Structures are given as C-alpha cells and as structure tokens.
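Sharing a structure below in structure tokens format, with a few things to ask.
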Amino acid sequence: PFTGATIVNYSPAVGEETGVEDVREGVIVSDVAENSPAASLNLQRSDVVVAINDERMLRTADVQAALAKRARFWRITIQRGGQTFQTIVN
C-alpha cells in the first residue's frame with residue numbers, strides 16, 4: 001500500500017522540512033509519487049503513519065515488518081493536520 005511513498009523516521013530536520021513538529025510516535029511520509037498506489041490511497045506529504053493493524057509504528061523498520069506479514073488487509077492509522085483517521089487497504 002505504500003508503493004510510491006517515501007517514508008522516513010522522524011528527526012528535527014525532517015520535521016522542519018515537512019512542517020511536522022513534535023512527533024512522539026509514527027513515521028513521516030516525505031514524498032508521494034503521482035499516480036502511485038500510495039497516491040490512490042490519498043497519502044500525502046507530511047502524513048504521520050502512527051499504526052498498521054493496531055501495531056505502533058516508531059521506525060521505518062516497523063513499517064517494513066508490518067507489511068512483510070502479508071495480512072489479508074492493512075488498517076493504517078494516519079495523523080494529518082491535527083486529525084487522526086484510519087484507512088483500510090485490501
């Protein structure tokens with residue numbers, strides 16, 4: 001589901017570049033390629049991926065491990081602009 005998205009660990013430099021500050025949990029979407037699967041899910045630059053299938057995402061390695069499990073679906077929890085929402089991907 002993240003094909004076409006660049007996901008990075010949070011750091012102060014990344015926060016400054018993306019406009020996302022004070023991230024305590026989650027990884028940052030730093031870029032999304034046009035017409036990619038990630039774009040079709042409406043992932044946007046500066047989104048914070050907080051959880052996948054209710055597992056907290058603290059580092060990009062957590063995202064890779066969650067996606068490697070080959071689940072029937074992925075429930076992705078995202079923070080954007082002070083709002084938290086979930087999307088389900090089959």
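Quick caveat: nothing in here was measured; it's all calculated off a predicted structure.
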Requested in this report: Verify, without hydrogens or angle tests, whether Asn53 (side chain) and Phe73 (backbone) share a donor-acceptor contact under 3.5 angstrom.
Outcome: yes
Query raised in the report: Mind checking whether Val29 and Tyr10 sit in one hydrophobic cluster, side chains of I, L, V, M, F, W, Y counted as touching below 4.5 Å?
Result: no
Query raised in the report: Do Leu58 and Leu67 sit in the same hydrophobic cluster, where Ile, Leu, Val, Met, Phe, Trp and Tyr count as joined when their side-chain heavy atoms come under 4.5 Å apart?
Result: no
Query - Spacing of Thr60 atom OG1 and Ile7 atom CD1 [to the nearest 0.5 Å] - result: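 So the OG1 of Thr60 and the CD1 of Ile7 are separated by 8.5 Å.
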Query raised in the report: In Å and rounded to the nearest 0.5 Å, what is the CD to OG distance from Glu16 to Ser11?
Result: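 Answer rounded to 0.5 Å: 9.5 Å.
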Requested in this report: Return the set of residues passing side-chain hydrogen bond (donor to acceptor under 3.5 Å, both in side chains) with Thr77 (not counting sequence neighbours), or none when no residue passes.
Outcome: Gln86
Query raised in the report: Counting distance only, does the side-chain N/O of Asp47 pair as donor-acceptor with the main-chain N or O of Arg80 below 3.5 Å?
Result: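 The answer is no, because no donor-acceptor pair under 3.5 Å joins these two groups.
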Query raised in the report: Are Val27 and Val14 connected, step by step, through hydrophobic side chains (Ile, Leu, Val, Met, Phe, Trp, Tyr) whose heavy atoms are closer than 4.5 Å?
Result: no
Query raised in the report: About how many Å separate CZ of Arg72 and CD1 of Ile88, when rounded to the nearest 0.5 Å?
Result: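 Interatomic distance, Ile88 CD1 to Arg72 CZ, rounded to 0.5 Å: 10.5 Å.
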Requested in this report: Could you grab the distance from atom CG of Leu41 to atom CD1 of Ile76, nearest 0.5 Å is fine?
Outcome: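 Going from the CG atom of Leu41 to the CD1 atom of Ile76 covers 6.0 Å.
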Query raised in the report: Do NZ/NE/NH1/NH2 and the carboxylate oxygens of Arg75 and Asp54 come within less than 4.0 Å?
Result: yes
Query raised in the report: What heavy-atom pair brings Ala33 and Ser36 nearest, and what distance separates the two atoms?
Result: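 Residues Ala33 and Ser36, closest heavy atoms: O-OG, 2.7 Å.
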Requested in this report: Mind checking the CD1-CD spacing from Ile52 to Gln64? Nearest 0.5 Å is all I need.
Outcome: 10.5 Å
Requested in this report: Can you see which heavy atom on Ile28 is nearest to which on Ser46, and at what distance?
Outcome: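 So the two residues come closest at CG2-CA, 4.4 Å.
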Query - Single-linkage hydrophobic cluster, 4.5 Å side-chain cutoff, Phe2 and Val50 together - result: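 No, it is not one cluster - the side chains of Phe2 and Val50 are not joined through contacts under 4.5 Å.
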Query raised in the report: Does any N or O in the side chain of Arg45 come within less than 3.5 Å of the main-chain N or O of Ser30, such that one atom is a donor and the other an acceptor?
Result: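 Yes; at least one donor-acceptor contact below 3.5 Å.
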Query raised in the report: Do Val8 and Val48 belong together in a cluster built from hydrophobic side chains that touch within less than 4.5 Å?
Result: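 Yes; tracing contacts between hydrophobic side chains, which count when under 4.5 Å, links both residues.
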Requested in this report: Tell me, please, which residues at least two apart from Asn35 pass side-chain hydrogen bond (donor to acceptor under 3.5 Å, both in side chains).
Outcome: none
